[in-house]
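One structure is given here, and the rest of the page talks about it.
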Amino acid sequence: MSEPLRVAVLVSGSGTNLQSLLDAAASGDLGSARVVGVISNRPGAGALLRAERAGVPALVLDHKSFADRAAFDAALREGVTSLGADLVVLAGFMRVLTPVFLDAFAGRVINIHPSLLPSFPGVDAQGQAFAHGVKVTGCTVHFVDAGLDSGPIISQSAVPVRDDDDAETLRARILVEEHRLLREVVRDLAEGRLRREGRRVLRRP
Ligand code: GRF
């Protein structure tokens with residue numbers, strides 16, 4: 001068994017992507033990856049209850065209690081470092097990270113985004129896609145850089161938009177696929193299946 005890949009998960013909301021990773025680790029479906037800690041920028045995030053139920057250490061860094069973005073990112077960097085994380089997963093995390101944080105974890109921060117980037121970056125990607133009238137949307141896992149949902153794409157999954165969809169039914173269908181895609185990428189990273197060639201990320205079968 002390879003050394004466990006120590007994963008810190010950053011959250012802001014309900015934490016269904018976190019729950020998916022916790023469940024996969026518990027059922028042996030995440031390779032050698034283990035969630036070693038959860039950090040939320042919102043004290044009331046439902047994800048914190050999920051971490052508690054799973055017995056995973058959780059830390060709240062309320063971004064509103066920091067003087068500026070750099071101070072928050074410095075505290076976040078210390079929090080992740082204290083967990084001894086090898087990989088940082090942004091799972092419904094709603095803050096843009098600066099080099100103050102990113103430079104300490106170069107190439108080891110990934111994000112799950114609910115659209116086929118580069119289409120529909122930013123907030124409410126599902127609603128943007130629905131309003132635009134696309135016939136196919138989906139989700140993307142990418143490495144995080146200092147831009148907005150702009151880092152090298154690791155993996156994507158397409159989700160059809162149905163004529164009888166509304167924004168909520170579409171959001172729910174994408175979310176199921178997000179859970180599957182994020183589990184697959186974390187497992188691939190734990191098993192050393194991914195390598196980068198410039199902006200391209202290649203997967204060894
Ligand atoms: C997900 O669609 C995620 O992509 C977006 O927020 C939604 C909720 O995520 N950023 P979670 O349930 O908190 O994991």
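Numbers for residues simply follow the sequence, beginning at 1. All ligand and atom numbering here is 1-based and tracks the order in the structure. Treat the numbers as computed from the prediction; the structure is a model and nothing was measured.
Contact between Leu175 and ligand 1 is present, with at least one heavy atom of the residue lying under 4.0 Å from the ligand. Using 4.0 Å as the threshold, Gln126 has a heavy atom nearer than that to some atom of ligand 1. Not close to ligand 1: Ala47, with no non-hydrogen atom less than 4.0 angstrom away.
For ligand 1, the atoms sitting less than 4.0 Å from at least one non-hydrogen atom of Glu178 are 1 (C), 2 (O), 3 (C), 4 (O), numbered in the order shown with element in parentheses.
Figure legend: Arg77 and Phe105 shown without cation-pi pairing, the cationic atom not lying both under 6.0 angstrom from the six-membered ring centre and within 45 degrees of its axis.
One finds no salt bridge joining Arg108 and Asp86 here, because no Lys/Arg side-chain nitrogen approaches an Asp/Glu carboxylate oxygen to under 4.0 Å. Here Arg187 pairs with Asp29 in a salt bridge; the nearest charged N to carboxylate O distance falls below 4.0 Å. The pair Asp124-Arg171 meets the salt-bridge criterion, with a side-chain N (NZ, NE, NH1 or NH2) lying under 4.0 Å from an Asp/Glu carboxylate O.
For Arg200, the CZ atom counts as loosely surrounded, since its 6.0 Å shell holds 12 or fewer non-hydrogen atoms of other residues, nucleotides or ligands.
The N/O atoms of Leu18, backbone and side chain alike, include none that comes under 3.5 Å of an N/O atom in ligand 1. Checking only distances, Asn17 does come within under 3.5 Å of ligand 1, N or O to N or O.
Selection from Thr16, Ile174, Val11 by nearest heavy atom to atom 11 (P) of ligand 1 gives Thr16.
In terms of the side-chain contact (heavy atoms from CB on, under 4.5 Å) criterion, residue partners of Asp23 (sequence neighbours excluded) are, by chain and number, Gln19.
Summary of contacts: the protein heavy atom closest to atom 8 (C) of ligand 1 is Ser14 OG, 4.3 Å. The shortest contact between atom 13 (O) of ligand 1 and any protein heavy atom is with Gly15 N, 2.8 Å. Atom 5 (C) of ligand 1 has Gly92 CA, 4.1 Å as its closest protein atom, hydrogens excluded (heavy atom only).
Relative ring orientation between Phe66 and Phe72 is described as perpendicular, the plane-to-plane angle rising above 60° on a 0-90° scale split at 30° and 60°.
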